[in-house]
Amino acid sequence: MSAILPDGVRPLERVAVLGAGSWGTTFAKVLADAGTPVTLWARRAEVAETVTREHRNPEYLPDVSLPTELVATADADEALDGAQAVVLALPAQKLRENLEHWRPHLPDGVTLVSLAKGVERGTLLRMSEVICEVTDADADRVAVVSGPNLAGEIAAEQPTATVVACRDHERAIAVQHACSTGYFKPYTNTDVIGCELGGACKNVIALACGTAAGLGYGDNTMASLITRGLAEISRLAVALGAEQLTLAGLAGMGDLVATCASPLSRNRRFGEALGRGLTVAEAEEANHGQVAEGVKSCDAISELARRHAVDTPIVDAVRRVCDGEVSAKEVGDELINRELKVE
Ligand SMILES: NC(=O)C1=CN([C@@H]2O[C@H](COP(=O)(O)OP(=O)(O)OC[C@H]3O[C@@H](n4cnc5c(N)ncnc54)[C@H](O)[C@@H]3O)[C@@H](O)[C@H]2O)C=CC1
Ligand SMILES: O=C(CO)COP(=O)(O)O
């Protein structure tokens with residue numbers, strides 16, 4: 001752990017990371033590299049075994065050597081034992097069912113940290129809200145980590161920054177210190193709503209950017225989608241109680257740019273496949289079973305915007321493509337030909 005903690009903030013002596021996909025494994029590596037004792041829970045015993053014994057997770061991070069101190073288990077109770085923070089690193093739509101199962105084993109007063117970037121289908125809840133609903137935890141106990149954090153680059157120790165957001169700033173600082181390394185620089189914020197919506201919505205805009213690329217469009221189109229995408233993310237987030245400034249920061253603009261531009265982004269790649277004419281099912285197969293959260297969350301985000309009377313034309317267009325209502329080409333033309341609006 002890096003710098004001295006401010007008065008009154010206690011270091012996290014043990015952290016459990018539940019979910020050993022790309023981001024869960026990478027975040028566990030970051031914690032271990034920061035000197036924080038960490039246990040990673042993997043759904044499959046063979047993945048846990050390979051992480052602990054061979055220090056690798058070949059399915060998700062094929063070229064990465066994991067720290068030797070990082071231990072993994074397929075037994076969630078074992079991972080949770082003595083944890084002062086529990087990091088939830090599952091796809092957004094799978095969080096509730098798993099958390100219901102883990103709830104009786106969560107240590108009292110533990111800080112619950114969400115890494116997922118999505119909005120729950122049906123309930124339209126953000127991940128921190130799902131966590132509070134399932135565990136009965138006060139919102140002050142729930143933190144989120146969100147920023148321009150493509151797992152593959154971080155696992156390769158390329159420098160980046162992120163945001164740890166929690167209504168209880170001291171908890172945010174404790175998590176910040178637990179995951180500060182030479183290559184991973186967390187800032188803190190108390191705007192959980194802005195950070196979560198920035199992370200969830202940028203996936204949908206990355207799908208739009210990928211689709212445009214798949215259709216053969218260039219950088220002007222990308223820049224237009226990113227800029228207009230940020231405008232609609234900000235409108236929605238502010239309508240739901242976020243601070244505008246959060247959306248101009250790492251968890252808003254920063255993550256949006258990284259995800260929309262990167263060939264590593266699963267959402268952007270998924271969009272490219274749609275733009276090339278693949279169906280949603282074919283694009284899913286091409287993504288090798290890895291999650292493209294924007295596909296799963298776009299209907300919930302679009303509905304959230306409708307309920308709050310917020311105009312989100314790009315999100316709505318992506319939703320219609322993902323639901324198979326229109327082709328990517330048709331919706332692209334529609335967006336460009338939309339009546340010009342005076343702002
Ligand atoms: N990969 C990345 O670069 C980043 C991902 N995130 C977010 O983190 C969350 C997790 O993403 P990744 O780790 O990348 O996903 P992933 O697709 O790489 O891995 C998902 C993990 O969840 C497990 N899983 C899948 N279905 C499950 C179920 N029904 N029950 C229990 N476990 C299940 C899988 O076995 C796997 O370990 C997503 O919301 C994503 O948007 C956030 C920042 C960066
Ligand atoms: O959230 C991410 C980067 O910050 C990861 O994006 P993808 O899920 O599109 O790969």
Side-chain angles (χ1 to χ4, degrees), residues 17-30 40-48 50-51 57-62 64 72 74 76 79 87-102 113-120 126-128 130 144-156 158 160-164 179 184 186 195-196 198-210 250-273 283-284 287-298 300:
V17 176
L18 306 183
S22 329
W23 190 213
T25 307
T26 300
F27 197 74
K29 167 179 157 49
V30 170
L40 176 66
W41 171 82
R43 194 158 51 141
R44 285 168 289 159
E46 63 272 21
V47 173
T50 312
V51 170
N57 187 346
E59 193 179 323
Y60 289 101
L61 300 171
V64 175
V87 177
L88 300 157
L90 296 179
Q93 310 304 328
K94 306 293 177 192
L95 180 61
R96 181 182 290 272
E97 68 195 50
N98 282 283
L99 202 48
E100 277 168 355
H101 188 63
W102 294 326
V113 184
S114 167
L115 299 188
K117 292 177 174 172
V119 172
E120 191 176 54
R126 291 176 282 106
M127 292 301 102
S128 65
V130 172
V144 311
V145 176
S146 197
N149 296 155
L150 293 148
E153 291 183 5
I154 296 170
Q158 294 182 24
T160 193
T162 198
V163 181
V164 178
C179 66
F184 195 71
C195 288
E196 280 191 304
C201 297
K202 63 84 192 177
N203 286 331
V204 184
I205 307 302
L207 280 167
C209 285
L250 290 163
M253 182 67 171
D255 198 5
L256 181 68
V257 170
T259 312
C260 289
S262 175
L264 293 180
S265 159
R266 284 92 40 104
N267 285 286
R268 159 129 185 167
R269 283 204 306 257
F270 199 106
E272 279 180 45
E284 242 154 35
N287 236 5
H288 305 295
Q290 288 206 23
V291 67
E293 290 284 33
V295 181
K296 310 286 179 196
S297 287
C298 59

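Just so you know, ligand 1 is whichever comes first in the structure, and atom 1 is the first atom listed for that ligand.
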Margin query: Any atom of ligand 2 sitting under 4.0 Å from a heavy atom of Gly294?
Written below: no
Notebook entry, point to check: Step by step, would you call Glu196 with Arg126 a salt bridge (charged side-chain N to carboxylate O under 4.0 Å, His left out)?
Noted result: CA-CA 7 Å; Glu196 280 191 304; Arg126 291 176 282 106; 2.7 Å; yes
If you take the nearest heavy atom of each of [options], which one is closest to [atom]?
atom: atom 28 (C) of ligand 1; options: Arg43, Gln93, Lys117; result: Arg43
atom: atom 34 (C) of ligand 1; options: Phe27, Trp41, Tyr60; result: Tyr60
atom: atom 8 (O) of ligand 1; options: Leu18, Leu115, Asn203; result: Leu115
atom: atom 6 (O) of ligand 2; options: Arg269, Lys202, Lys117; result: Lys202

Checklist line | Under-4.0 Å heavy-atom contact with ligand 1, by part of Ser22 that carries it | finding: both
Next item on the list: Could you tell me whether Glu59 and Arg44 have a side-chain N and a carboxylate O separated by less than 4.0 Å?
Entry: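 Answer for the salt bridge query: yes.
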Checklist line | Side-chain ion pair, Lys296 and Glu284, N-O less than 4.0 Å | finding: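 Yes, this pair counts.
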Check: Looking only at distance, does Gly147 have an N or O less than 3.5 Å from an N or O of ligand 2?
Finding: yes
Can you report which non-hydrogen protein atom sits closest to [atom], along with the distance?
atom: atom 8 (O) of ligand 2; value: Arg266 NH2, 2.9 Å
atom: atom 9 (C) of ligand 1; value: Leu90 O, 3.6 Å
atom: atom 4 (O) of ligand 2; value: Asp255 OD1, 2.7 Å

Check: Is ligand 1 less than 4.0 angstrom away from at least one heavy atom of Arg266?
Finding: yes
Less than 3.5 Å between some nitrogen or oxygen of [X] and one of ligand 1, yes or no?
X: Leu150; result: no
X: Asn98; result: yes
X: Lys94; result: no
X: Ala151; result: yes
X: Trp23; result: yes

Item checked: Atoms of ligand 1, numbered as shown, that sit under 4.0 Å from any heavy atom of Gln290 -> 17 (O), 18 (O)
Note to self: Quick check on contacts: which atoms of ligand 1 are under 4.0 angstrom from a heavy atom of Gly21?
What the structure shows: 13 (O), 18 (O), 19 (O), 21 (C), 36 (C), 37 (O)
